[in-house]
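Here the structure comes first, spelled out in structure tokens, and everything after it is commentary.
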Amino acid sequence: MRKKLVAGNWKMHGSLVQNKELLDAVITGTAGMRKGSCVVCVPYPYLSSVQSMLENTQIAWGAQNVNQFSKGAYTGEVSAEMLKDFDCQYVIVGHSERRSLFGEDSHTVSLKFTASQNSGLMPILCVGETLQQRETGAMEKVIAEQLDAVIDQAGVASLSKAVIAYEPVWAIGTGKTASPQQAQEVHALIRGSIARHDEGVAADLTILYGGSVKANNAAELFAMPDIDGGLIGGASLIAEDFVAICRAGQD
Ligand code: 13P
């Protein structure tokens, strides 16, 4: 049985002082929730302090990106092994901001996915279409290309140690949420396309929805049969909201 998951993506936000305040409130607010059902993906420089604050709590932590190589002359980059040094359990790969602003293509994303798994990290693989792609009927093809790059590279079985996040680009940071029905439709499509490779993997796969998930819409999104939780941007920076979303994501 797949379990629900709520992951916060802090993006490039926070400070030592703000993080402590936020996490103190989130730790208190999520007391008693299932261990590992809430995750925060934080900027690299804060991994050490976040690790200190979260170890021995119910909250897991991770990063927002990783380099595909294990080591070498790659100035400014961070390897999966380095993330493991800080006991990260998760890493986001292929976020649409990485794809569109930093030129990551699906092949690179698939290498990052594999590098993460090789180091024992659980990749959160992001897929999703732009508004233009949706409106021109290219959505299915775009998402298939993003998924197939990983399946071709790593094999479908690799998805049993990963999470997928469906994040329609038009819903990210815009306040425009996909309706529960719209999101469900794409989640079912993703699960169905994986089921064509392996039904068991598809049935057990956690598929998160991301894109303007808020405290007031999380419960109805997460109630859909193929939506197994959320990847949360803006609302993960507000303790009360993130806690409410985590509560909505309890099984
Ligand atoms: P928002 O929740 O701010 O729309 O961001 C979604 C997202 O990109 C999470 O990765």
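In what follows, every heavy atom counts, from backbone to side chain, and hydrogens, waters and symmetry copies are set aside. We count ligands from 1, going down the list as the structure has it; atoms in each ligand are counted the same way. Note that the coordinates shown come from a computational prediction; the quantities given were computed from them, not determined experimentally.
Every residue meeting the side chain to side chain donor-acceptor pair (under 3.5 Å) condition with Asn65, not counting sequence neighbours, appears here in chain and number order: Lys112.
The ligand atoms of ligand 1 that sit less than 4.0 angstrom from a heavy atom of Gly211 are 4 (O), 6 (C). Less than 4.0 angstrom separates some heavy atom of Gly234 from each of these atoms of ligand 1: 1 (P), 2 (O), 3 (O). For ligand 1, the atoms sitting less than 4.0 Å from at least one non-hydrogen atom of Ala171 are 4 (O), numbered in the order shown with element in parentheses. Near Gly233, the atoms of ligand 1 lying under 4.0 angstrom from a non-hydrogen atom of the residue are 1 (P), 2 (O), 3 (O), 5 (O), 6 (C), 9 (C). Residue-ligand proximity, Leu231 to ligand 1, at heavy-atom distances under 4.0 Å covers atoms 9 (C), 10 (O).
For Glu167, a nitrogen or oxygen atom sits less than 3.5 Å from a nitrogen or oxygen atom of ligand 1, counting backbone and side chain alike. Note: no N/O pair closer than 3.5 Å links Gly210 and ligand 1 by distance alone. Where the criterion is an N or O separation shorter than 3.5 Å, residue side chain and backbone included, Ile232 fails it with respect to ligand 1. Here's the thing with Gly173: one of its N/O atoms is less than 3.5 angstrom from an N/O atom of ligand 1. Residue Asn9 places at least one N or O, backbone or side chain, under 3.5 Å from an N or O of ligand 1.
Look at Lys11 and you'll find a heavy atom under 4.0 Å from some atom of ligand 1. Assignment of Ser212 to the shell around ligand 1 is supported, since a heavy atom sits closer than 4.0 Å.
A distance-only check finds no donor-acceptor pair linking the side chain of Lys161 to the backbone of Gln117 [under 3.5 Å]. A side-chain donor-acceptor contact under 3.5 Å links Asp228 to the backbone of Ile207. Of the possible donor and acceptor atoms, one in the side chain of Arg99 sits under 3.5 Å from a partner among the backbone N and O of Cys126.
At a cut-off of 3.5 Å, with distance as the only test, a side-chain donor of His95 or Glu167 sits close to an acceptor on the other residue. At a cut-off of 3.5 Å, with distance as the only test, a side-chain donor of Ser37 or Gln250 sits close to an acceptor on the other residue. Side-chain contact of Trp170 with Gln132: a donor-acceptor pair under 3.5 Å is absent, judged by distance alone.
Using cut-offs of 30° and 60° for the angle between ring planes, the Tyr209 and His187 rings count as tilted.
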